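Single-structure report; data block below.
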Number of protein chains: 2
Amino acid sequence: MDVVALEKSPSLSDQALERLTELIIRGDIKPGARIQEAVLARQLGISRGPLREAIRRLEGRGLLVRIPHVGVRVASPTVEEIIDLYMIREVLEGLACRLAAERLTDEELKRLRDVLFDHSAHEDVKSGTGYYQSPGDQDFHFQIIEGSRQVRLIETLLGDLYQVLRFFRYRSSINPGRAKAAFDEHVSILEALERRDGEAAERLMREHLQHARMSIQETVDVGAAPPDA
Amino acid sequence: MDVVALEKSPSLSDQALERLTELIIRGDIKPGARIQEAVLARQLGISRGPLREAIRRLEGRGLLVRIPHVGVRVASPTVEEIIDLYMIREVLEGLACRLAAERLTDEELKRLRDVLFDHSAHEDVKSGTGYYQSPGDQDFHFQIIEGSRQVRLIETLLGDLYQVLRFFRYRSSINPGRAKAAFDEHVSILEALERRDGEAAERLMREHLQHARMSIQETVDVGAAPPDA
DNA sequence: CACGAGTAATCTGTCAACAATTGACACCTT
DNA sequence: AAGGTGTCAATTGTTGACAGATTACTCGTG
């Protein structure tokens with residue numbers, strides 16, 4: 001409901017939510033960094049009230065962590081917590097994929113196929129680096145999730161989880177071999193969707209994300225973010 | 001993070017969150033009912049600021065719905081939306097169950113077994129009505145979820161989803177046959193856990209919740225809540 | 001020189017007043 | 001009489017100021 005109905009809500013709290021999310025995801029505010037309400041409010045040109053409401057929502061989303069009477073910081077999750085998030089994404093997006101297999105229209109399937117092969121043609125994939133987590137990858141997953149037609153699920157995945165993951169995917173999976181594999185897995189998923197085979201689609205999506213997760217777990221070289229700013 | 005760390009945070013916003021949640025879940029404020037900030041703030045003995053923060057969090061949790069410049073209402077989901085929630089619970093708790101199979105200590109398994117058979121002995125189950133959604137049922141699921149040792153998952157399930165579902169499970173599954181079946185399914189799940197068979201545990205839990213979901217879908221006689229108060 | 005008590009500064013938590021928007025009612029026009 | 005228009009009350013959205021708590025600093029002392 002947030003990310004979808006945001007456009008028609010010019011309330012300062014909503015704007016603050018949007019801009020603050022962007023600040024965090026773009027890395028302008030680093031993980032672990034403290035947020036001073038008064039300072040940030042002044043930067044955003046609003047007062048503390050609406051900002052606090054936005055912060056509270058971001059808290060619930062897990063992007064911010066508050067210590068009572070001390071302050072709020074941008075979350076700086078451990079590698080394990082990121083892995084945990086991926087596990088959740090795994091089952092949730094698996095569900096979305098199963099539903100999508102039953103509910104995607106033929107036109108949407110066609111579009112999905114286009115997205116997949118357009119992107120495969122003109123870049124990235126064979127050069128190895130960069131397919132995974134590219135716009136093309138994003139689009140593919142986005143369209144499947146939205147194809148689930150499950151509002152709550154879409155909100156949770158796109159509105160909450162993806163925001164957090166977008167933020168935390170450091171330079172995950174620069175792994176060159178992974179790119180090709182990921183693309184192939186996408187193809188398999190698409191085929192299952194086209195067969196309207198929900199069971200297979202769910203299983204394949206889960207495996208796909210599981211592989212992505214393991215790929216991340218391998219590239220655990222970058223330490224956690226600096227605890228202070 | 002909410003439901004677990006609430007005890008040590010006597011901030012008015014936290015208290016408001018707690019009390020308001022309780023008011024909604026207990027049905028003191030009915031689905032679809034309008035919430036007037038000033039009135040509710042006075043009732044709670046606080047000012048509108050902290051209350052608004054609490055409301056914003058409940059919004060994110062899906063218990064409240066806001067129409068800009070008009071007001072917030074208690075959500076009154078359709079049956080389909082409740083079914084959707086159950087689907088999400090299905091995969092999430094399936095994941096929790098798989099993790100629990102690997103991570104529960106032997107002591108916890110023993111305790112789980114006790115919970116199951118204690119409750120089976122002294123009430124409900126054979127009399128038919130009332131096991132499903134009884135404290136015993138709750139405990140069983142709670143302990144498994146917490147046994148997953150996955151903070152984020154626990155928060156999502158216990159802090160968010162269960163709150164919402166507790167609220168929306170009208171008088172679901174008064175279905176007498178269901179009670180016995182539910183208990184048997186619990187036993188099967190427990191056995192899988194004791195075998196440390198995560199795959200089976202996940203599958204059984206998903207089937208268990210799937211049955212519960214279908215049981216609800218059958219008892220779709222009670223219409224949606226009155227749209228106004 | 002290190003340590004601790006006391007104090008000051010800073011920031012969060014909270015409140016009450018102000019501004020802006022909405023919905024309803026009454027009134028006027030056709 | 002029906003429809004539109006303008007005004008008004010009520011409620012949400014926002015602000016700036018106050019109170020309480022925590023952290024950091026300073027000064028004195030062992």
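Keep in mind that what you see is a predicted model, and the values were worked out from it rather than measured. Just so it is clear: chains get the letters A, B, ... in the order the sequence lines come, proteins before strands, and each one is counted from 1.
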Collect all protein-nucleotide pairs involving nucleotides 8-12 of chain C in which both atoms are nitrogen or oxygen and the distance is under 3.5 Å.
| residue | atom | partner | partner atom | Å |
| --- | --- | --- | --- | --- |
| dC11(C) | OP1 | Gln36(A) | OE1 | 2.7 |
| dC11(C) | OP1 | Gln36(A) | NE2 | 3.1 |
| dC11(C) | O5' | Gln36(A) | OE1 | 3.3 |
| dC11(C) | O3' | Arg34(A) | NH2 | 3.3 |
| dT12(C) | OP1 | Ile35(A) | O | 3.2 |
| dT12(C) | OP2 | Glu37(A) | N | 3.4 |

Between [X] and [Y] (salt bridge meaning N to carboxylate O under 4.0 Å), is one present in this structure?
X	Y	value
Arg111(B)	Glu146(B)	no
Glu37(A)	Arg66(A)	yes
Glu80(A)	Arg149(B)	no
Arg56(A)	Glu59(A)	yes
Arg152(B)	Asp84(A)	no

Could you state the atom-to-atom distance from [atom1] of [X] to [atom2] of [N] in whole Å?
X	N	atom1	atom2	result
Asp14(B)	dG13(C)	CG	P	9 Å
Glu59(B)	dT12(D)	CD	P	12 Å
Ile55(A)	dT14(C)	CD1	C1'	15 Å
Arg42(B)	dC15(C)	CZ	C1'	15 Å
Leu12(A)	dT12(D)	CG	P	17 Å

Residue pair Ser148(B) / Arg103(B), side-chain heavy-atom distance below 4.5 Å: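 Not touching, per the 4.5 Å side-chain cut-off.
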
Hey, does Pro50(A) reach any base, or is it just sugar-phosphate, or nothing, if we go heavy atoms under 4.0 Å?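 Base, at least one base atom sits under 4.0 Å.
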
